[in-house]
Amino acid sequence: MSINLAQLKQQQIEYANRIILRDDNHFSTPTLIGGTDVGFEEGGQITRAAIVVLSFPNLTLVEYQIAKMPTTLPYIPGYLSFREYPALLAAWQKIEHKPQLLLVDGQGVAHPRKLGIASHLGLLLDIPTIGVAKKKLYGQYQPLPDERLAQEPLFDKTGIEQIGSVLRSKVKCNPLFISAGHRVSQLSALNWVKACLKGYRLPEPTRFADAVASNKPLLQKLLHNFKNNN
DNA sequence: GCGACAG
DNA sequence: ATCTTGTCGC
């Protein structure tokens with residue numbers, strides 16, 4: 001069986017037209033903010049999606065859910081969302097306290113066809129989303145000084161349109177690539193991420209989602225404390 | 001043809 | 001992403 005990339009590409013173009021890059025009217029400040037991350041088991045055969053919900057602005061863990069599904073697609077740059085969104089939707093259904101804003105691991109509109117996983121998921125769930133990626137997929141930017149909160153706009157290939165921001169969330173760490181996903185402006189996307197930083201490279205929602213999705217004993221232990229405190 | 005390339 | 005120990009630097 002071959003993968004019909006041309007069809008997926010067409011779908012991305014159609015979906016991208018529906019993305020809204022303005023701040024949502026439904027909230028001024030979120031009460032709950034979510035984070036997502038995806039991991040794999042059995043050599044990639046199983047996709048494990050994690051969604052965490054934190055209170056805002058306290059940033060304490062309120063809930064987390066995990067969903068596992070058989071992996072259907074390999075990783076193809078530019079088509080990540082098709083590989084990961086089914087498991088993420090399953091995890092979302094299990095979430096009891098639905099957040100008003102979701103930080104998604106990966107790009108938002110900083111994508112060749114302006115439909116990274118954050119945008120794709122935001123559209124499917126019809127909620128505001130922000131893309132928080134650890135690496136660049138698309139775009140160009142100027143070098144950043146090694147200072148906390150140093151930032152540079154991420155531009156389209158034309159160099160005219162800003163498609164996201166590059167943010168040094170922590171000194172001596174590689175920068176984060178922040179881009180609006182859906183129903184949020186580029187400026188707000190950057191500000192919400194900054195509001196979720198707590199001294200680590202990754203914003204808290206993403207950091208917690210990472211811990212849940214990647215079964216690391218150290219951080220998994222932090223989540224065990226959460227169970228006891230509830 | 002060559003380089004780039006989320007997770 | 002995942003497989004993995006020690007190691008360098010603040």
Side-chain angles (χ1 to χ4, degrees), chain A residues 3 5 8-9 12 15-16 19 35-52 66-89 91 102-124 129-141 143 146-148 154-159 163-182 186 189 193 199-203 205-207 209-220:
Chain A
I3 303 158
L5 283 190
L8 297 184
K9 183 174 182 177
Q12 289 180 328
Y15 276 23
I19 293 296
T36 79
D37 191 35
V38 175
F40 295 89
E41 299 175 6
E42 321 222 344
Q45 299 303 300
I46 301 294
T47 300
R48 184 205 311 114
I51 295 183
V52 299
I66 295 174
K68 298 178 185 181
M69 297 188 71
T71 304
T72 57
L73 287 179
Y75 166 66
I76 304 170
Y79 299 87
L80 173 71
S81 64
F82 294 101
R83 171 174 162 89
E84 301 190 341
Y85 86 71
L88 283 168
L89 290 184
L102 199 54
L103 302 194
V104 180
D105 64 309
Q107 313 293 344
V109 297
H111 177 280
R113 289 166 295 283
K114 303 193 187 307
L115 197 82
I117 187 170
S119 299
H120 197 161
L121 194 62
L123 207 47
L124 293 174
T129 56
I130 295 169
V132 180
K134 302 173 198 69
K135 292 178 181 176
K136 184 193 80 171
L137 169 66
Y138 180 78
Q140 49 185 323
Y141 64 100
D146 187 17
E147 299 164 4
R148 182 176 141 82
L154 180 64
F155 289 106
D156 199 339
K157 292 298 185 188
T158 65
I163 58 176
S165 309
V166 188
L167 174 70
R168 175 111 45 208
S169 50
K170 188 173 186 229
V171 173
K172 292 182 179 178
C173 285
N174 292 324
L176 260 27
F177 297 81
I178 316 298
S179 58
H182 183 45
Q186 293 290 11
V193 170
Y200 298 91
R201 182 191 178 216
L202 297 177
T206 307
R207 201 167 71 86
D210 263 328
V212 175
S214 62
N215 282 327
K216 288 180 180 172
L218 182 65
L219 294 177
Q220 192 71 40

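Just so we're clear, the structure is a prediction, and the values are computed from it rather than from any experiment. So you know, we letter chains A, B, ... as the sequences are listed, proteins then strands, and number each from 1.
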Dot-bracket for DNA chain B, 5' to 3', counting Watson-Crick or G-U wobble pairs under 3.5 Å, with [ ] for crossing pairs and | for inter-strand pairs?
.......
Scan nucleotides 1-7 of chain B nucleotide by nucleotide, 5' to 3', and note B when protein non-hydrogen atoms come under 4.0 Å of the base, S if they reach only the sugar-phosphate, - if neither.
----BBB
In this structure, are over 12 heavy atoms from other groups packed under 6.0 Å from A:Lys170 atom NZ?
no
Less than 3.5 Å apart, which donor and acceptor atoms pair up between the side chains of residues 103-112 of chain A and the rest of the protein, not counting sequence neighbours?
unit_1: A:Asp105; atom_1: OD1; unit_2: A:Thr36; atom_2: OG1; d: 3.0
unit_1: A:Gln107; atom_1: NE2; unit_2: A:Lys135; atom_2: O; d: 2.7
unit_1: A:His111; atom_1: ND1; unit_2: A:Arg113; atom_2: N; d: 2.9
unit_1: A:His111; atom_1: ND1; unit_2: A:Lys114; atom_2: N; d: 3.4
unit_1: A:His111; atom_1: ND1; unit_2: A:Leu115; atom_2: N; d: 3.3
unit_1: A:His111; atom_1: NE2; unit_2: A:Gly78; atom_2: O; d: 2.9

Is A:Thr71 reaching over with its side chain to a backbone N or O of A:Gln45, donor-acceptor style, under 3.5 angstrom?
yes
May I ask you to decide if A:Lys172's main-chain N or O and A:Asp146's side chain share a donor-acceptor pair within less than 3.5 Å?
yes
Between the side chain of A:Gln140 and the main-chain N/O of A:Asp156, is any donor-acceptor distance below 3.5 Å?
yes
Hey, are the side chains of A:Leu88 and A:His120 touching, using non-hydrogen atoms and a 4.5 Å cut-off?
no
Please report the shortest heavy-atom distance between A:Arg201 and A:Ser169, naming the atom on each side.
O-OG, 2.5 Å
